[in-house]
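Chain letters run A, B, ... following the sequence lines, proteins first, then strands; residues in each count from 1.
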Protein chains: 2
Amino acid sequence: MIADVEKRLEAAGIKPTAMRNLVLEYLLKQGSAISLAELERGLAPVDRVTVYRTLKTFEEHCLVHSINDGTGAAKYALCQEDSGEVRHHDLHVHFYCNSCKETFCLPKTLIPAVVLPQGFISEEVSLVMKGVCERCSA
Amino acid sequence: MIADVEKRLEAAGIKPTAMRNLVLEYLLKQGSAISLAELERGLAPVDRVTVYRTLKTFEEHCLVHSINDGTGAAKYALCQEDSGEVRHHDLHVHFYCNSCKETFCLPKTLIPAVVLPQGFISEEVSLVMKGVCERCSA
DNA sequence: TGATGTTTGCAATTCTGTTGCATGCGCTAC
DNA sequence: GTAGCGCATGCAACAGAATTGCAAACATCA
């Protein structure tokens, strides 16, 4: 599995290191989007800044994307692996569960087109839904 | 106008005070959504914490809603006055202008319905678009 | 007036995001 | 091999946002 992780890093154009393997591995294991603080806790005793910069690097290389779910802290989640696809600026919906407090990507749920008033030019869009996730509603 | 402001506060179930009048008046004058820091600057020399708590009070009474436009600081904007209408959990789109850095409510631009995967229950939704606003694109 | 509860202002703390700097580690060229 | 170079890491430190505690000021009502 470490081999997989490294392969994925290299595919993204990132030199694999111990820290990067660790972070990516953690993100892969994690089903939901997590914050820097959570990552730091999960990987303790690692340095917060190093994880922070690792995430920035991942983000630059489109390995992860950040989500602002309104909780105050940015969350990070892996991007879909469909490398050759449309360059998706996070065109999928994100879901924050009020019950378990986790944030999920809904990669199959695309953001519907929005017709803006005259004069407004759209460059980016983010849609965060809040409610109860499938696990908590079951 | 102070009378109007006070009337609006009372309509929301908030006891009018000098500070609350001031904050509400400022929000009314303001065309866009503003952050706590901006409010503090605009109303100087007021206490940041007092403004903060005033906004929390307003928010609890659905007089303002907060918007997370990804700039790191929450912004606040007045809710629509259509008192009797549907309880709108901010069902309109918010727009952040990359050029003038302001955040606007687009009260007429409603968030399209999103079909969630099985099991997910929606309670709230927020959609923030980024791009160029009408004034900057003109 | 006195008792009570709300509002305000100040101090202080926590948390997130971020930068600077020095060290360490691996790689390449000699 | 080793000197030099560049990138990665860890630590210290800072800025700004959000939040809490406490005490003084104020309004309210009996």
Check the distance between [N]'s [atom2] and [X]'s [atom1] and give it to me in whole angstrom.
| X | N | atom1 | atom2 | result |
| --- | --- | --- | --- | --- |
| B:L22 | C:dG9 | CG | P | 10 Å |
| A:R20 | D:dC7 | CZ | P | 11 Å |
| A:E60 | C:dT18 | CD | C1' | 14 Å |
| B:N68 | C:dG17 | CG | P | 11 Å |
| A:E38 | C:dC15 | CD | P | 14 Å |
| A:D47 | C:dA22 | CG | P | 17 Å |
| B:E40 | D:dA15 | CD | P | 16 Å |
| B:L55 | C:dT7 | CG | C1' | 15 Å |

Ring-plane angle category for A:F95 and B:F120, please: parallel below 30°, perpendicular beyond 60°, tilted otherwise.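 Taking B:F120 first and then A:F95, their aromatic rings stand perpendicular (interplane angle over 60°).
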
Would you check if the side chain of [X] reaches a backbone N or O of [Y] as a donor-acceptor pair within less than 3.5 Å?
| X | Y | result |
| --- | --- | --- |
| B:S137 | A:G119 | yes |
| A:R20 | A:K15 | yes |
| A:K130 | A:D69 | yes |

Base, sugar-phosphate or nothing for A:T50? Non-hydrogen atoms, less than 4.0 Å. base

Which other residues end up in the same hydrophobic cluster as A:V132, if Ile, Leu, Val, Met, Phe, Trp and Tyr are linked when side-chain heavy atoms come under 4.5 Å apart? B:I121

Treat primed atoms plus P, OP1 and OP2 as sugar-phosphate and everything else as base, then score nucleotides 19-30 of chain D 5' to 3': B for base contact with protein heavy atoms under 4.0 Å, S for sugar-phosphate contact only, - for none. BBB---------

Can you tell if the side chain of B:M19 reaches within under 4.5 Å of the side chain of B:V51, non-hydrogen atoms only?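 They are in contact (side-chain heavy atoms under 4.5 Å apart), so the answer is yes.
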
